[in-house]
2 protein chains.
Amino acid sequence: MTSRAETLSKLAEVFRAHGYEGASLARIGRATGLGKGSLYNLFPGGKAEMATCVLAEIDGWFETNLYAPLRAAERPGEAVAAMFDAVDAYFRSGRRVCLVGVVALGSERDRFGEAVRSYFARWVAALADALQRSGRDAAGSTALAEEIVVQIQGAIVLSRALDQPAVFSRAMTALRARAAAD
Amino acid sequence: MTSRAETLSKLAEVFRAHGYEGASLARIGRATGLGKGSLYNLFPGGKAEMATCVLAEIDGWFETNLYAPLRAAERPGEAVAAMFDAVDAYFRSGRRVCLVGVVALGSERDRFGEAVRSYFARWVAALADALQRSGRDAAGSTALAEEIVVQIQGAIVLSRALDQPAVFSRAMTALRARAAAD
DNA sequence: GTCTATAAAGCGATAGAC
DNA sequence: GTCTATCGCTTTATAGAC
């Protein structure tokens, strides 16, 4: 028996590496070690369902490891710092792309629009919540939260474009300082 | 006779809308109004050459309209402000994606790596040059230039993801202020 | 220079054996 | 549950008429 969850992470890497259109069933089969029969048994909806499940899995990971801690933290300042640690590890200092961000830029945005919107909206909201509870006013918290998410996404683009992970690291360092200051 | 230059802008829109893999020759033919024979006559190297030429055209546009003015400006502060005007118009307040940024995130980065690297490196360098000549120190100029390009790219991602062009506009407004301050 | 016809390969998806 | 064989379609690219 092949577990769906096991397959999902390998599946995610294929979508990350080649995009939705570039992730052919041949590549997916090679990466997962599964034949088409097994893949369609696990995901009856085919490639579209695979992508939907991958996005849901990513969303769940961020909800559990980033958003929920930001909202629930007793010491929100530490939760924000922990978020930067998690972001740096997850995106491998900019070497790993944000699949949800890639989808947002592509034509698949229409198909997966609500998942994309929700992922980013909850990120900004959870971060703004933590920033506000650490002493900022509401407007300033939202603005800074939005800017932090913007810079994380942009830093992935620029560090990959220049092939310099240091670009990502510098951006994170600067943002940590901004978030920590009152 | 069909001009290569005329075709390039329509070609660019197809790549922007569907990505490299999603831009099929059928779509390209429809968008340009040209048959395959004409397309291969204009671009003997096929789709890869089309993409290379599109990236070169975009690069040329930015070089002429953004980078060169930033480097040559007698009043660098005004050149930076003009850059923000041009960026806002070109990216349609975040509704239009940056094709070079999209390539940087995808698997085509390896194929077009040098074009992508050069486009962003020259953007950051030209902007840093203008910022320094407007009174900043060298290190601060480079850091701010890098952050501005990062935020432009990230603002495109987030504004598209949330389907809110206002996100892009807010980021540009904040950056203008940062760049104008001494 | 532009077209249509066609080739050869790859695509997503399905059927059916085991 | 996993495989292979296959369908029908689309892909990039070429050939050749005009």
Side-chain angles (χ1 to χ4, degrees), chain A residues 1-57 99 102-103 105-113 115, chain B residues 1-57 99 102-103 105-113 115:
Chain A
M1 175 188 171
T2 304
S3 122
R4 227 173 119 113
E6 260 176 61
T7 310
L8 272 177
S9 71
K10 294 178 180 175
L11 219 40
E13 289 310 315
V14 180
F15 282 115
R16 240 187 277 274
H18 301 99
Y20 183 79
E21 311 242 21
S24 69
L25 290 191
R27 277 197 181 117
I28 290 172
R30 238 176 288 133
T32 58
L34 264 47
K36 296 187 186 183
S38 305
L39 288 170
Y40 274 90
N41 182 59
L42 286 168
F43 305 95
K47 206 168 112 169
E49 183 178 344
M50 297 179 206
T52 302
C53 290
V54 164
L55 287 180
E57 157 117 328
L99 184 56
V102 172
V103 170
L105 290 180
S107 57
E108 309 87 29
R109 185 186 65 146
D110 301 326
R111 195 197 293 242
F112 304 109
Chain B
M1 175 187 172
T2 304
S3 123
R4 227 172 119 111
E6 260 176 60
T7 311
L8 273 178
S9 70
K10 294 178 181 175
L11 220 39
E13 288 310 315
V14 180
F15 281 115
R16 240 187 279 273
H18 301 99
Y20 184 78
E21 310 243 20
S24 69
L25 291 189
R27 277 197 180 117
I28 291 173
R30 238 175 288 132
T32 58
L34 264 47
K36 297 186 187 182
S38 305
L39 288 170
Y40 275 90
N41 182 60
L42 286 168
F43 306 95
K47 206 167 111 168
E49 184 178 344
M50 297 181 206
T52 302
C53 291
V54 163
L55 287 180
E57 157 116 330
L99 184 56
V102 171
V103 170
L105 289 181
S107 57
E108 311 86 31
R109 185 187 66 145
D110 301 327
R111 196 195 293 240
F112 305 110

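Sequence lines set the chain letters: A, B, ... in the order given, protein chains first and strands last, and positions in each chain run from 1.
- Residues from residues 11-33 of chain B that place a heavy atom under 4.0 Å from any atom of DNA chain C: there are none.
- If you take CD on Glu57(B) and CG on Leu99(B), they are separated by 11.5 Å, rounding to the nearest 0.5 Å.
- Every residue two or more places apart in sequence or in another chain that forms a side chain to side chain contact (heavy atoms under 4.5 Å, CB included) with Thr32(B) is listed here: Thr7(B), Lys10(B), Leu11(B), Ile28(B), Leu34(B), Leu39(B).
- Contacts between residues 36-50 of chain A and DNA chain D, defined by a heavy-atom separation below 4.0 Å, involve Gly37(A), Ser38(A), Asn41(A), listed by number.
- Residues passing the side chain to side chain contact (heavy atoms under 4.5 Å, CB included) test with Tyr20(B) are Phe15(B), Lys47(B), Ala48(B), Ala51(B), Glu108(B), Arg111(B), Phe112(B), sequence neighbours excluded.
- Evaluation of the side-chain hydrogen bond (donor to acceptor under 3.5 Å, both in side chains) rule for Glu13(B) yields Arg16(B), Arg96(B) as partners, not counting sequence neighbours.
- Every residue was checked against the side chain to side chain contact (heavy atoms under 4.5 Å, CB included) condition with Ser9(B), not counting sequence neighbours, and none meets it.
- Residue pairs satisfying the salt bridge (Lys or Arg N to Asp or Glu O under 4.0 Å) criterion with at least one member in residues 29-45 of chain A, sequence neighbours excluded, are absent.
- Partners of Arg4(A) under the salt bridge (Lys or Arg N to Asp or Glu O under 4.0 Å) rule, at least two apart in sequence or in another chain, are Glu49(A).
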